[in-house]
There are 2 protein chains.
Amino acid sequence: MSERETPRQDDGHEAELIAAEAIGDVIEHWGFRRVLGRVWTILFIAAEPLPAAVIGERLSLSAGAVSMSLTELQRWGVVRRVFKPGERKEYFEAETDFWKMISKVFDERERLLAESVRARLERAVTMLEARPRLPGAEQRADRVRRLLSFVIVAETALDGFIRSRRVDFSPFGDLIRFPLRVATRKRRA
Amino acid sequence: MSERETPRQDDGHEAELIAAEAIGDVIEHWGFRRVLGRVWTILFIAAEPLPAAVIGERLSLSAGAVSMSLTELQRWGVVRRVFKPGERKEYFEAETDFWKMISKVFDERERLLAESVRARLERAVTMLEARPRLPGAEQRADRVRRLLSFVIVAETALDGFIRSRRVDFSPFGDLIRFPLRVATRKRRA
DNA sequence: ATGAACTTTCAAAAGATTTTGAAGGTGCAG
DNA sequence: CTGCACCTTCAAAATCTTTTGAAAGTTCAT
């Protein structure tokens, strides 16, 4: 950013940066910009509202990048702006209820796509039905209908899944300290 | 690709292209290249093995792009190479069991990331525990532990979800024709 | 009203990803 | 063995995304 000063993270924040990178990767993997995950994590770990400048320092980001990230995180409802009485500058804090975050993001993110995908697949079915004499058209229409059914089933199922989790965990407060069963995991990068 | 020939899709494949774009968007949204979704969709709708060249024509892709897409789709186990006896060229067909596809992709895709994320968060906790005198270190360690628990819980839950769906639907054969309940949807893009 | 302390915006630069197409396989028929 | 038809590779080019930093905008204290 300026003149080759070692990224100086011997200020007691190495651990946070490691965690921030890890969560940044997760978030990127789920289709967001990595920096959003990093910023959110810094706020989450801090456990108290921080001003934009502090975030920029810890993550070595320009003021502009921090500002944009915070704006976007607020749009997703996972970071809140906090006004401290008697303070000029603004503070930001992380939402801490994970399932609330996830369902909100899910809602926002998927609704439009799901609708547009449904509409387009329906259109494709209609088009294929309109020319039943085209060789294979009926078979192809079948395939597209199947795609459509699957999209709807998956959508409904996922939605139910997220809903049910929210209910499962909220009784424990917004803290999830119990890995319940840590068994058969899966997945990768 | 060559000389401004109208993308000529009056060959009876407009509907497939519309569906392919729709699924391409879904796939892109889930973190893959859009072209992978488009290629898979063409194969899926065709309902019979197609040679690479046909895919390229329908989607107006260069031979190179088709080849790379097919290779990648095979890596993910969602497209298979089919040798037709007595035919020189190779054919490709789409896997049609959606849940099988999803769980396979899930496995492949998440396992490494999940492991690396767990390791990094554990490291962060250890680092914070190592300097208990640093102001706030204990509180921060707590936050990181929480993140870690959540990652594990979410991982396990999602895994179970995918597993259970597979069981739910496989009895119906590889065709999902019953939207069972088409109710409360959600999501967007 | 002025200016200090911050924040936001946005166009340009940097960086990353995707696509292309030409060169180089591969395998088979003749 | 040669030529044809097809497939794969890969470096360069095109395209898309992200980051930067300077300028403009806010907000408040004085």
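Just so it is clear, the model here is predicted, and its values are computed rather than measured.
- Checked against B/Val39 for a side chain to side chain contact (heavy atoms under 4.5 Å, CB included), the options B/Leu50, B/Leu70, B/Val78 give a single hit: B/Leu70.
- Closest contact between the side chain of A/Ser62 and the listed nucleotides D/dT20, C/dG21, D/dT18 involves D/dT20.
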Walk me through whether B/Ser149 and B/Arg145 qualify under side-chain hydrogen bond (donor to acceptor under 3.5 Å, both in side chains).
CA-CA 6 Å; B/Ser149 301; B/Arg145 273 185 223 111; over 6 Å; no
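- At the heavy-atom level, A/Val35 lies under 4.0 Å from the strands shown only through sugar-phosphate atoms.
- A straight line from CZ of A/Arg34 to P of D/dT17 spans 17 Å, rounded to a whole angstrom.
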Could you run through nucleotides 3-14 of chain D and give me one letter per nucleotide, 5' to 3': B if any protein heavy atom sits under 4.0 Å from the base, S if only the sugar-phosphate is that close, - if neither?
-BSSSBBB----
For residues 133-140 of chain A, which side-chain donor-acceptor pairs fall under 3.5 Å, sequence neighbours excluded?
| residue | atom | partner | partner atom | Å |
| --- | --- | --- | --- | --- |
| A/Arg140 | NH1 | B/Gly12 | O | 3.3 |
| A/Arg140 | NH1 | B/Glu16 | OE2 | 2.9 |
| A/Arg140 | NH2 | A/Pro135 | O | 3.1 |

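- Counting to the nearest Å, the P atom of C/dT18 and the CG atom of B/Leu59 are 17 Å from each other.
- Side-chain contact between A/Phe92 and A/Gln74 is present, with heavy atoms from C-beta onward closer than 4.5 Å.
- By the ring-ring contact (aromatic ring centres under 6.0 Å, His included) test, B/Tyr91 is found to be paired with no residue, residues two or more places apart in sequence or in another chain being considered.
- A/Arg33 has no carboxylate O lying under 4.0 Å from a charged side-chain N of A/Glu28, or vice versa, which leaves the two without a salt bridge.
- In this structure, A/Arg33 places its CZ atom 18 Å from P of D/dC16, rounding to the nearest Å.
- Rounded to a whole Å, the CG atom of A/Leu61 is 14 Å from the P atom of C/dT7.
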